[in-house]
Protein chains: 2
Amino acid sequence: MTQHLELVQSLRQAGHRLTPQRESVLAVIADSHEHLSAEEILARVRKRYPYLNKSAVYRSLELLTELGLVTLTDLGHGRVEYELHRHPHHHHLVCRKCKSVQQIDHRLFQNLQKKLESDFGFRADLDHFAIFGTCRKCSTRTAKNPKRHSH
Amino acid sequence: MTQHLELVQSLRQAGHRLTPQRESVLAVIADSHEHLSAEEILARVRKRYPYLNKSAVYRSLELLTELGLVTLTDLGHGRVEYELHRHPHHHHLVCRKCKSVQQIDHRLFQNLQKKLESDFGFRADLDHFAIFGTCRKCSTRTAKNPKRHSH
DNA sequence: ACACTATTTGCAACTGGTCGCAATTGCATC
DNA sequence: GATGCAATTGCGACCAGTTGCAAATAGTGT
Ligand SMILES: [Mn+2]
Ligand SMILES: [Mn+2]
Ligand SMILES: [Zn+2]
Ligand SMILES: [Zn+2]
């Protein structure tokens, strides 16, 4: 597993320990190509490593996020979702009506990011944002026909 | 109270009822010039109107937000914070190190907002965003001197 | 291989926020 | 100003996530 080496290095470098809990949480996230909730991560880890506690999952996720290996966001599904932090990173447009989630490129945020740095000296962490609003389908549908939304 | 009329109109127009709970929640928010947590709102309302339930506060806040009278955001203080939705709206830069909160103008987001609409047909709700990162002070401090942060 | 200890884990209690449901009430109509 | 009823509230149970603390363990040194 290519992620394993990166994990060990990052942990060592910051003075943390490599525990089976952390290792297995990262493995589950690295193996998935969707956003995963903490509950889902816990369930998947337990298939291979049954003695894992809820707190350990949350604490591992927090650490992996600090180390930059994992990224999280609230996509409006009632719980936070986690994903491997791949480069270049991406963001999401979430429709409040049909709940669709669309991926967008980080480049759209680069102007804003530069302006915040030049105007305020503020270095914004803009990885994995969720922007809520109304998607094209739902805008046009409600404009002409006041019917119920669908996914 | 100038907000009262606006509330009554908005409620009626959308087929909602004017209850003392909703009225007093809005009054507390309108009287404050800071961000308030739900807990703080509950405490302030109870000074005048002691029989108010936690659920009623959250449900009133949800409705007032839908009606566009109130806006909320998570500024990283462990609970969501509410504020009267004044125009033009504003956003915040939150420093992860010193926890400082800085206000910025909505105009910084207008290019992004237009691009999302033109490229994806997505109408983004961009009122009252919180952007996390590192402020100027904390960037320069950690660059030259690896000391503890302050507020 | 063994001892040492600071870090990490498991657990249970707690917190902020949501939800289902029965009791209450705003408001429309007479 | 009384009646009727859908909208709203209060309440308690619940859910996702956090925290304090005692027990366990990764990693260092011998
Ligand atoms: Mn994503
Ligand atoms: Mn604000
Ligand atoms: Zn949509
Ligand atoms: Zn700072």
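We use all heavy atoms of the structure for the numbers below, so side chains are in, but hydrogens, waters and symmetry mates are not. In the text below, chain A, chain B and the rest are named by the order of the sequence lines, each starting its count at 1. Source: prediction; values computed, not measured.
Residue A/R59 contributes atom CZ, which lies 10 Å from atom P of C/dT8 at whole-angstrom precision. The CG-P distance, from B/L61 to C/dT18, rounds to 10 Å in whole Å. Separating the CD atom of B/E66 from the P atom of D/dA7 is a distance of 14 Å, rounded to the nearest angstrom. Atom CD in A/E23 sits about 12 Å away from atom C1' in D/dA26, given to the nearest Å. C/dC11 atom C1' lies 14 Å from atom CD of A/Q21, rounded to whole Å. Rounded to an integer number of Å, the gap from A/L36 CG to D/dG17 P is 13 Å. Nucleotide C/dT15 holds its P atom 20 Å from the NE2 atom of B/H77, rounded to whole Å. Atom CG of A/L18 is separated from atom P of C/dA6 by 21 Å (rounded to the nearest Å).
Residue-level contact check: A/S55 touches the bases, meaning some heavy atom is under 4.0 Å from a base atom. Within 4.0 Å (heavy atoms only), A/R22 reaches sugar-phosphate atoms of the nucleic acid but no base atom. Among the atoms of the strands shown, only primed sugar atoms or phosphate atoms (P, OP1, OP2) are found under 4.0 Å from some heavy atom of B/R79.
Residue A/Y58 places no side-chain N or O under 4.0 Å from the OP1 or OP2 atom of D/dT18. Between A/H16 and C/dT7 there is no side-chain polar atom (N or O) within less than 4.0 angstrom of OP1 or OP2.
The CZ atom of A/R22 sits 8.5 Å away from atom CG of A/L67, with the distance rounded to the nearest 0.5 Å.
A/V57 has its side chain out of reach of A/N53: every pair of non-hydrogen atoms, C-beta onward, lies at least 4.5 Å apart.
Not a single donor-acceptor pair, N or O on each side, falls under 3.5 Å between the base of D/dT8 and the side chain of B/R17. Checked by distance alone, B/K54 brings a side-chain donor or acceptor within 3.5 Å of a matching partner on the base of C/dG17.
Only one option out of A/Q113, A/H87, A/H90 pairs with A/H106 in a side-chain hydrogen bond (donor to acceptor under 3.5 Å, both in side chains); it is A/Q113.
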ask   = Going through the checks in order, is the ring-ring contact (aromatic ring centres under 6.0 Å, His included) test met by A/H92 and A/H128?
value = CA-CA 7 Å; A/H92 296 282; A/H128 217 216; 5.1 Å; yes
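Under the 4.0 Å criterion applied to side-chain N and carboxylate O atoms, B/E40 and B/R46 are not assigned as salt-bridge partners.
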